[in-house]
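Pasting a structure below so you can have a look.
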Amino acid sequence: MINITLQLPLYLIKYMRTLYSEPYEPKAEDEMGIYILNILQRKTQAGEYQYRYRSSKAPLHPYTLSIAISCYNKRGNIIPPMQNALIVKFVDSHFRKELFRTAVMNNYYYRIPYKISILNTLQAYDIADSELSYDTIRKDFNRKKTAIEKRLLKQ
């Protein structure tokens, strides 16, 4: 196995560790694995790109991926900084979609208030308010709530 280190915000590391453990071995059977495997590059290809690394608002922390030797031979083991930024966006989007779907479904079927569902989910992943503010999540949820309800509940 070959280890690759991703740089993710702390709340996404907690999310990934809860779902996939660490080190995560990306597989072609799940959405996250497919995305990461398609971003891997060989060292010769990675040198062709010149990306400007943009600093993010949240500090990034290491999260380890383990790549099998056969996968390394087929795909490579380099993730350029720009591609790492795409992985951060993808994991964040995946996390928020799951969080928002859970809140909508809990409210519709069990009459659990959105706030309680969101806070309980954040607590289940051990995400502190300092890592991801509830107000930030609430504002994003309020913008997307109607569309999610229409899609899930066919209203």
Over all heavy atoms of both residues, which pair between Ser21 and Tyr63 is shortest? Give the atoms and the distance, please.
->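 Residues Ser21 and Tyr63, closest heavy atoms: O-OH, 2.7 Å.
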Taking atom CE of Met32 and atom OH of Tyr20, what is their separation to the nearest 0.5 Å?
->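 The CE atom of Met32 sits 4.0 Å away from the OH atom of Tyr20.
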Ion pair Lys139/Asp135, N-O distance below 4.0 Å =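 The answer is no: the pair does not qualify as a salt bridge.
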Would you find a donor on one side and an acceptor on the other, under 3.5 Å apart, between the side chain of Glu131 and the backbone of Ala128?
->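 Answer holds: yes.
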How would you list, by chain and number, every residue that makes a salt bridge (charged side-chain N to carboxylate O under 4.0 Å, His left out) with Arg143, sequence neighbours excluded?
->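 Partners of Arg143 by the salt bridge (charged side-chain N to carboxylate O under 4.0 Å, His left out) criterion, ordered by chain and then number, come out as Asp140.
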Drop me the distance from Tyr11's OH to Asp126's CG, to the nearest 0.5 angstrom.
->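 These two atoms lie 15.5 Å from each other.
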With sequence neighbours excluded, what pairs up with Glu98 under the salt bridge (charged side-chain N to carboxylate O under 4.0 Å, His left out) test?
->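 Glu98 satisfies salt bridge (charged side-chain N to carboxylate O under 4.0 Å, His left out) with no residue once adjacent residues are dropped.
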Verify, without hydrogens or angle tests, whether Asp92 (side chain) and Leu12 (backbone) share a donor-acceptor contact under 3.5 angstrom.
->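 It does not hold such a pair.
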Could you tell me which non-hydrogen atom of Asn107 sits nearest to which non-hydrogen atom of Pro113, and how far apart they are?
->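 For Asn107 and Pro113, the tightest heavy-atom pair comes out as ND2-CA, 4.1 Å.
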Ignoring hydrogens and angles, tell me if any N or O in the side chain of Gln41 forms a donor-acceptor pair with the backbone of Ile78 under 3.5 Å.
->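 No.
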Please report the shortest heavy-atom distance between Thr18 and Lys14, naming the atom on each side.
->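 Distance-wise, the nearest heavy atoms are OG1-O, 2.8 Å.
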Check the angle between the aromatic planes of Tyr15 and His94 and answer parallel, tilted or perpendicular using the 30° and 60° thresholds.
->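 If you compare the ring of Tyr15 with that of His94, the planes turn out tilted.
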